[in-house]
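One structure is given below, encoded as structure tokens.
Nothing here was measured: the structure is a model prediction, and the numbers come from that model. Just so you know, ligand 1 is whichever comes first in the structure, and atom 1 is the first atom listed for that ligand.
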Amino acid sequence: MSRVADKVVLVSGAGSGIGRATATLLAKEGATVIVTDINRPGGLETVQQIGGKARFEEHDTSREVDWKRIIDGILEREGKLNGLVNNAGISGPFPATFETETVEQWQRMLAVNVQGVFLGCKYGVPAIRQSGGGSIVNTSSLAAFLGTPDLSAYGASKGAVRQFTKTVAIDCARKGYKVRCNSVHPGIILTPMGNAVMPSDKARERARRRIPIGDFGAPEDIAYGILYLISDESRFVTGTELVIDGGMNAI
Ligand SMILES: NC(=O)c1ccc[n+]([C@@H]2O[C@H](COP(=O)([O-])OP(=O)(O)OC[C@H]3O[C@@H](n4cnc5c(N)ncnc54)[C@H](O)[C@@H]3O)[C@@H](O)[C@H]2O)c1
């Protein structure tokens, strides 16, 4: 029960779904968790469920001022930052093809899903470095590997996260920073976001049949992968892609 003992880890988008499960598991394994989300009630509920080594910060990951305030606050209050999970994300309206999507929807998607991860790394890396090193996990998606006709901007945003993760990983490694950076690629996971892309029972059944393992994933299935990447068990792992998808990407 102490795979990340004494680490201070920020998890964005931790007021729901995968972020909440990740924050809960990290705390269970000994970390102090900074739960951040744009959704205050959701974030506070996560902290309450964890009970103890967690606190909440209201956070829009697309905003630079929020990152500055929150990272500075962690260094001041907790005295260090060892891990960062850039998990916050949006999927937008469904379906959204490149023909129906508006420029405003496209820009918002990239602002949260890509700029949010960029800012997390920009402000997270120096804080982790000055804390003696650590690990960043960026939540991408299975969508980073496939064409996603009904989620056009979403797919593009997750492809960008996959590529940018490798850039951060290699840049940090070459410069001798002790900061690892990896991406996680969930398949279809039962969260509010996952449910939103399966609007009917028929769509849900169709999606289920596409998963070789025969069922959807749970938020905890992703949280266990992130726990490994944040922990020192993965100390030789950087710039890689951890796909957790019931086999969908293998067919
Ligand atoms: N559920 C899936 O099937 C699935 C599949 C692949 C990837 N993902 C990715 O996993 C991550 C978590 O998704 P989830 O399924 O748990 O969704 P979710 O909707 O349950 O949780 C996302 C959380 O992010 C928060 N958020 C949204 N915009 C934000 C912003 N600008 N700043 C801070 N927080 C913000 C939301 O308030 C919410 O609490 C996302 O990056 C998503 O793209 C999910």
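Remark: ligand 1 atoms within the under-4.0 Å shell around heavy atoms of A88 are 24 (O), 33 (C), 34 (N), 35 (C), 41 (O). Within ligand 1, the atoms closer than 4.0 Å to a non-hydrogen atom of G17 are 16 (O), 20 (O), numbered from 1 in the order shown. Annotation for ligand 1: atoms under 4.0 Å from non-hydrogen atoms of D60 are 30 (C), 31 (N), 32 (N). Atoms of ligand 1 found under 4.0 Å from any heavy atom of Y154 (numbered from 1 in listed order, with element): 6 (C), 7 (C), 8 (N), 9 (C), 42 (C), 43 (O). The T139 neighbourhood of ligand 1 comprises atoms 9 (C), 10 (O), 11 (C), with distances under 4.0 Å to a heavy atom of that residue. Close approach to G13 involves these atoms of ligand 1, each under 4.0 Å from a residue heavy atom: 23 (C), 24 (O), 25 (C). Against a heavy-atom cut-off of under 4.0 Å, I188 is close to the following atoms of ligand 1: 3 (O).
Across all non-hydrogen atoms, the minimal contact from I230 to S135 is CD1-O, 3.5 Å.
Follow the hydrophobic side-chain contacts under 4.5 Å out from I188 and you reach Y154 in the same cluster. The hydrophobic cluster containing V117 also contains V168, counting ILVMFWY residues as joined when their side-chain heavy atoms lie under 4.5 angstrom apart, directly or transitively.
Of the candidates G187, G194, S141, G187 brings a heavy atom nearest to atom 5 (C) of ligand 1. Comparing I38, I18, V35 by heavy-atom distance to atom 26 (N) of ligand 1, the nearest is I38.
Between S62 and ligand 1, no N or O atom pair is found at a separation short of 3.5 Å. Geometrically, ligand 1 and V112 share no nitrogen or oxygen pair separated by less than 3.5 Å. When only interatomic distances are considered, the shortest N/O to N/O separation between N39 and ligand 1 does not fall below 3.5 Å.
Only the backbone of H59 comes within 4.0 Å of ligand 1, judged by heavy-atom distances. At a heavy-atom cutoff of 4.0 Å, ligand 1 is contacted by both the backbone and the side chain of N87. Contact annotation for S91 and ligand 1: no heavy atom of the residue comes within less than 4.0 Å of the ligand. With a 4.0 Å heavy-atom cut-off, ligand 1 is reached by the side chain of I90 but not by its N, CA, C or O. Contacts of T191 with ligand 1, taken as heavy-atom pairs under 4.0 Å, involve the side chain alone.
Residue-ligand proximity: K158 is placed with a non-hydrogen atom under 4.0 Å from ligand 1.
Put simply, NZ on K202 and OG on S200 are 7.5 Å apart, with the number rounded to the nearest 0.5 Å. Atom CH2 of W67 is separated from atom OG1 of T36 by 6.0 Å, given to the nearest 0.5 angstrom.
When only modelled atom types and interatomic distance are considered, N138 and R162 share no side-chain donor-acceptor pair under 3.5 Å.
Using a 4.0 Å cut-off between a side-chain N of Lys or Arg and a carboxylate O of Asp or Glu, K68 and D72 do not qualify as a salt bridge.
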